[in-house]
2 protein chains.
Amino acid sequence: MRRIEKPRKLPRQQRAQMTVDAILDAAARILSGDGYPAMSTNRVAELAGVSVGSLYQYFPNKDALVAALHERHGRQIHELLDVALRETEGSSLRAVVTALVRAALQGHLIDPQLHRVLEAEFPFFDAPVAEGNDHLDVHARLRARLAEHRAEIAPRDLDLANYIVRTTVQTMVHAAVIDPPAAFTTAQLETSIIDLVMGYLQPATLRTPMRARRASA
Amino acid sequence: MRRIEKPRKLPRQQRAQMTVDAILDAAARILSGDGYPAMSTNRVAELAGVSVGSLYQYFPNKDALVAALHERHGRQIHELLDVALRETEGSSLRAVVTALVRAALQGHLIDPQLHRVLEAEFPFFDAPVAEGNDHLDVHARLRARLAEHRAEIAPRDLDLANYIVRTTVQTMVHAAVIDPPAAFTTAQLETSIIDLVMGYLQPATLRTPMRARRASA
DNA sequence: AGGGAACACGAGTCATTGCTCGTATTATTG
DNA sequence: CAATAATACGAGCAATGACTCGTGTTCCCT
């Protein structure tokens with residue numbers, strides 16, 4: 001049902017690229033403003049100031065359009081995470097986690113409504129392959145940061161820890177931004193998420209292996 | 001856009017209730033199988049073995065049908081959480097958290113695909129009011145459990161802690177069930193989520209005073 | 001200049017679908 | 001057993017929307 005083919009034609013001239021960008025921007029505005037059901041290709045074309053025909057010259061179908069949008073948005077968010085993880089090489093574990101949470105928060109604030117609709121209609125795991133490479137980068141980079149602090153963290157399985165940390169940050173930030181609880185400030189939420197992750201990595205009740213390691217020392 | 005009116009007519013006879021149930025079941029199957037776009041009212045009626053006319057006798061429009069489904073599913077999940085929180089009155093903090101995570105996991109496993117679609121199309125905060133009361137119950141009940149252990153937990157603001165715990169359990173379980181990472185077992189994930197929440201409530205910094213308190217006893 | 005390629009156009013096609021309404025059937029009631 | 005209410009039916013209407021295609025326009029290259 002969700003066919004995501006390659007674009008029928010690649011824009012070779014500048015004006016074509018302008019058209020493509022206008023279409024993408026219009027789609028983003030409608031999607032974030034009125035949601036997916038309200039996003040007809042005719043409306044997108046109209047708002048973009050081009051004709052439907054032009055739209056279909058670059059996007060084989062509606063899904064491909066949304067997919068392209070998803071990819072573009074994903075790249076932006078990813079960029080932030082990647083930078084945060086690269087810049088905290090050698091930093092303390094808390095600094096890494098803090099940077100990660102802040103980057104995720106920043107990324108979600110680019111266009112919360114768009115993000116919300118995009119994740120709802122096309123969940124991240126259905127994301128186009130192009131994002132896959134990027135995801136692997138963040139994945140690998142976070143793993144490297146965790147490995148640097150292996151001695152200080154409780155979970156033995158770094159891959160599992162990686163998954164938990166990534167998923168926690170992603171989903172908690174998402175929840176905080178998309179459905180912000182009125183009772184708390186953003187700063188409170190940010191701190192709480194950092195504490196949450198740190199508490200997982202460095203808990204009070206140390207796991208058996210850690211205790212054994214310390215006892216034998 | 002999303003009009004959720006009261007049912008046009010309430011089923012008064014048994015056969016009418018059968019019809020309503022058949023419609024609901026058919027809708028759930030299509031929704032969980034092929035997703036929201038594939039769920040046309042005609043198709044639902046056909047699969048339910050009734051006519052479209054009958055469908056519209058009990059549901060004023062398509063959205064009301066999905067809303068009813070959402071409510072039914074929400075009640076099931078909620079029931080589990082409520083029981084878990086009631087049964088762990090007086091139990092240890094870890095027992096409370098464990099029960100909570102297990103209940104959430106169990107609830108999500110009823111029909112993961114349906115849950116996925118339902119949350120995507122009608123996010124929990126758009127849920128019908130009927131669920132609101134229930135939500136408050138879980139909210140209040142979890143707060144009571146946290147209050148019982150106030151001395152052992154680090155976060156000062158119990159409402160904030162309540163939010164973080166609820167959101168963490170909900171989103172992490174959701175992620176684990178909907179997009180299960182192949183590399184880890186369910187048991188691993190369950191344990192990790194429990195550790196995550198426990199680490200937040202009882203972080204390393206709290207260890208010293210706790211141990212001192214215990215040592216002095 | 002001029003010819004071909006890239007780009008843009010938008011009215012129209014075709015399939016889908018939410019929903020109505022007049023009618024037929026079954027249950028309940030007095 | 002009427003008489004009335006409740007339930008069930010399903011062909012068809014009206015609207016929508018994804019997508020096509022024949023045509024006109026602009027750009028690039030030699």
Side-chain angles (χ1 to χ4, degrees), chain A residues 1-27 29-31 33-69 117 121-122, chain B residues 1-27 29-31 33-69 117 121-122:
Chain A
M1 192 101 270
R2 301 267 193 197
R3 342 155 240 158
I4 304 177
E5 304 158 18
K6 277 292 146 200
R8 194 158 299 174
K9 206 184 275 183
L10 285 172
R12 299 183 188 282
Q13 302 174 6
Q14 288 150 0
R15 64 175 170 151
Q17 187 58 52
M18 302 289 283
T19 302
V20 169
D21 288 343
I23 292 169
L24 247 20
D25 289 341
R29 283 192 46 185
I30 294 174
L31 212 49
D34 297 344
Y36 185 80
M39 176 191 153
S40 79
T41 51
N42 288 299
R43 193 141 108 83
V44 169
E46 190 186 11
L47 182 61
V50 303
S51 82
V52 231
S54 296
L55 190 157
Y56 280 92
Q57 220 153 27
Y58 303 104
F59 301 96
N61 54 55
K62 194 183 168 185
D63 287 340
L65 175 54
V66 180
L69 217 49
V117 175
E121 300 292 338
F122 287 67
Chain B
M1 191 100 274
R2 301 268 193 194
R3 343 155 240 155
I4 304 179
E5 304 159 17
K6 277 292 144 199
R8 194 159 296 174
K9 206 185 274 184
L10 286 171
R12 300 183 188 280
Q13 302 173 7
Q14 289 151 359
R15 62 176 173 154
Q17 188 58 52
M18 301 290 282
T19 301
V20 170
D21 288 342
I23 292 169
L24 246 19
D25 289 341
R29 282 192 47 184
I30 294 174
L31 211 49
D34 297 345
Y36 184 80
M39 175 190 153
S40 80
T41 51
N42 288 301
R43 194 142 107 81
V44 170
E46 191 187 11
L47 183 60
V50 303
S51 81
V52 232
S54 296
L55 190 156
Y56 280 93
Q57 219 154 24
Y58 302 105
F59 302 96
N61 54 56
K62 194 182 169 184
D63 288 340
L65 175 55
V66 180
L69 218 49
V117 175
E121 300 292 338
F122 287 67

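Below, read A as the first sequence line, B as the second, and so on, with proteins coming before strands; counting in each chain starts at 1.
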Given the structure, check if the side chain of A:Ser40 and the base of D:dG17 hold any donor-acceptor pair shorter than 3.5 Å.
no

What does [X] touch in the nucleic acid at a heavy-atom separation under 4.0 angstrom: a base, only the sugar-phosphate, or nothing?
{"X": "B:Arg43", "value": "nothing"}
{"X": "A:Arg12", "value": "sugar-phosphate"}
{"X": "B:Met18", "value": "nothing"}

Verify the distance criterion only: is there a donor paired with an acceptor across the side chains of A:Glu46 and A:Asn42 at less than 3.5 Å?
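There is no such pair between these side chains.
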
Judged by nearest nucleotide, the residue sitting upstream toward the 5' end of DNA chain D, A:Gln14 or A:Gly53, is A:Gly53

It should be established whether [X] places a side-chain nitrogen or oxygen under 4.0 Å from OP1 or OP2 of nucleotide [N].
{"X": "B:Thr19", "N": "D:dT7", "value": "no"}
{"X": "B:Ser54", "N": "D:dT7", "value": "no"}
{"X": "A:Tyr56", "N": "C:dG10", "value": "no"}
{"X": "B:Thr41", "N": "C:dG18", "value": "yes"}

Least distance between heavy atoms, [X] atom then [Y] atom:
{"X": "B:Tyr58", "Y": "B:Leu10", "value": "CE2-C, 4.4 Å"}
{"X": "A:Ala48", "Y": "A:Ala22", "value": "CB-O, 3.5 Å"}
{"X": "A:Leu65", "Y": "A:Leu55", "value": "CD2-CD1, 4.4 Å"}

Figure out the CD1/P separation between B:Ile23 and D:dT7, and round it to whole Å.
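Value for this atom pair: 12 Å.
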
